[in-house]
Amino acid sequence: MPKIKIFGPPKVKESMNISYLLIGGNEGDRTARLALAREHVATYAGEILRASSLYETAPWGRSDQPFFLNQALKVATGYEAAPLMSILLGIEEKMGRQRSEKYGPRVIDIDILFFNDAILRQPQLVIPHPEIQHRRFALAPMEEIAPDHIHPVFGKSVRELLQACTDPLTVKKL
């Protein structure tokens, strides 16, 4: 993967896009890393309009690792989805993220859950996040900040998706 550079403050335009992000990690000082990730998002990607509480969550996909801290963010950005994703990948890289194993431990992970009401299916970017309906650790913090946000593929609110979610893993609001 090519190195991604982060350039200056977020671009501002008359019509801002609304993106919902999930930030999380399970290595090092998790609380400090999420705070730094929020700082970088606000500096490079856009204005954070809302932030959920922190949630301690069981690891998904591989249980032999520490619990994660996760948080949902509502961000107003002047970027379109693909450039925003590049910026978020750049933030991960700047914070020391190394992609060595799927579902493995990580210092930081930043995912785009929703971007406006967009449905995108590109090789490097799928929006809405293709697994959100199966992941309590993403739905619970999203439900706190945007319970009525409608999933553009399923036509159901985040609250409805959370109520129907069968994921049994622990999600604890801190």
Side-chain angles (χ1 to χ4, degrees), residues 1-25 34 37-38 40-52 57 59-62 68 70-143 145-146 148-158 160-162 164-165 167:
M1 174 180 270
K3 289 237 181 221
I4 298 165
K5 299 212 185 279
I6 300 175
F7 299 100
K11 147 173 131 166
V12 177
K13 64 180 191 175
E14 286 190 28
S15 171
M16 299 296 277
N17 295 305
I18 298 299
S19 184
Y20 290 95
L21 310 179
L22 185 71
I23 61 174
L34 290 191
R38 285 190 309 274
H40 287 323
V41 166
T43 300
Y44 301 113
E47 180 185 357
I48 297 174
L49 302 175
R50 294 204 63 195
S52 74
T57 64
W60 198 93
R62 210 186 100 196
F68 281 75
N70 286 293
Q71 184 176 42
L73 306 175
K74 179 181 181 180
V75 177
T77 182
Y79 294 104
E80 294 302 320
L84 175 62
M85 190 72 241
S86 292
I87 289 166
L88 299 176
L89 290 170
I91 292 169
E92 287 182 352
E93 184 179 312
K94 180 182 181 114
M95 291 183 64
R97 169 84 188 262
Q98 296 188 8
R99 295 176 182 275
S100 55
E101 60 182 298
K102 191 170 184 167
Y103 304 127
R106 60 203 68 169
V107 295
I108 193 68
D109 187 32
I110 308 173
D111 290 327
I112 298 175
L113 300 177
F114 297 104
F115 188 88
N116 297 324
D117 293 323
I119 299 171
L120 300 173
R121 301 286 182 258
Q122 300 169 355
Q124 300 298 319
L125 182 61
V126 178
I127 295 174
H129 191 286
E131 295 296 323
I132 188 171
Q133 68 277 9
H134 302 297
R135 296 180 176 175
R136 189 171 302 280
F137 71 85
L139 289 169
M142 263 302 295
E143 198 262 346
I145 65 170
D148 299 321
H149 182 79
I150 301 297
H151 191 295
V153 174
F154 301 126
K156 294 183 177 181
S157 71
V158 168
E160 291 171 315
L161 291 173
L162 180 58
C165 184
D167 176 3

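The first residue of the sequence shown is numbered 1, and numbering continues consecutively from there. What you see is a predicted model; the values in this text were computed from it and never measured.
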Could you please spell out the steps behind the side-chain contact (heavy atoms from CB on, under 4.5 Å) verdict for Leu22 and Met142?
CA-CA 8 Å; Leu22 185 71; Met142 263 302 295; over 6 Å; no
For Phe137 and Phe68, what are the C-alpha separation, side-chain angles and deciding distance, and is it a side-chain contact (heavy atoms from CB on, under 4.5 Å)?
CA-CA 9 Å; Phe137 71 85; Phe68 281 75; over 6 Å; no
Apply side-chain contact (heavy atoms from CB on, under 4.5 Å) to Phe115 and Met85, showing your working.
CA-CA 11 Å; Phe115 188 88; Met85 190 72 241; over 6 Å; no
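Summarising the geometry of Ala51 relative to Ile145, their closest heavy-atom pair is C-CG2, 3.7 Å, with the distance given to 0.1 Å. When all heavy atoms of Asn70 and Gly24 are compared, the closest pair comes out as OD1-CA, 3.4 Å. Taking both residues in full, the closest heavy atoms of Cys165 and Leu139 are given as CB-CD1, 4.0 Å, listed atom of the first, atom of the second, then distance. The heavy-atom pair separating Ala76 from Leu49 by the smallest distance is CB-CD1, 3.8 Å. The nearest pair of heavy atoms linking Pro152 to Ala118 is CG-O, 3.7 Å. Heavy-atom minimum distance, Ile119 versus Pro128: CA-CD, 4.3 Å.
Among Val41, Ile18, Ile112, the single residue meeting the side-chain contact (heavy atoms from CB on, under 4.5 Å) criterion with Val75 is Val41. Between Glu80 and the choices Leu120, Asn17, Asn116, the side-chain contact (heavy atoms from CB on, under 4.5 Å) rule is met once, by Asn17.
Expressed to the nearest 0.5 Å, how far CG of Leu21 lies from CG of Leu113 amounts to 7.0 Å. From Asp148, atom CG reaches atom CD of Glu160 across 9.0 Å, with rounding to the nearest 0.5 Å. For the atom pair NZ (Lys94) and CD1 (Ile108), the distance works out to 13.5 Å, reported to the nearest 0.5 Å. Glu143 CD to Leu161 CG: the interatomic distance, rounded to the nearest 0.5 Å, is 10.5 Å. In this structure, OG1 in Thr77 is found 11.0 Å from CD1 in Ile48, a value given to the nearest 0.5 Å.
Here the side chains of Leu89 and Ile110 are not in contact, with every heavy-atom distance at 4.5 Å or above. By the 4.5 Å heavy-atom criterion applied to side chains, Gln71 and Arg38 are counted as neighbours. With contacts defined as side-chain heavy-atom distances shorter than 4.5 Å, the pair His129/Arg135 qualifies. Side chains of Val158 and His151 form no contact here, defined as non-hydrogen atoms less than 4.5 Å apart.
In this structure, Arg50 contributes its side chain and Lys74 its backbone to no donor-acceptor pair below 3.5 Å.
The ring-ring contact (aromatic ring centres under 6.0 Å, His included) check on His149 picks up Tyr20, Phe114, with sequence neighbours excluded.
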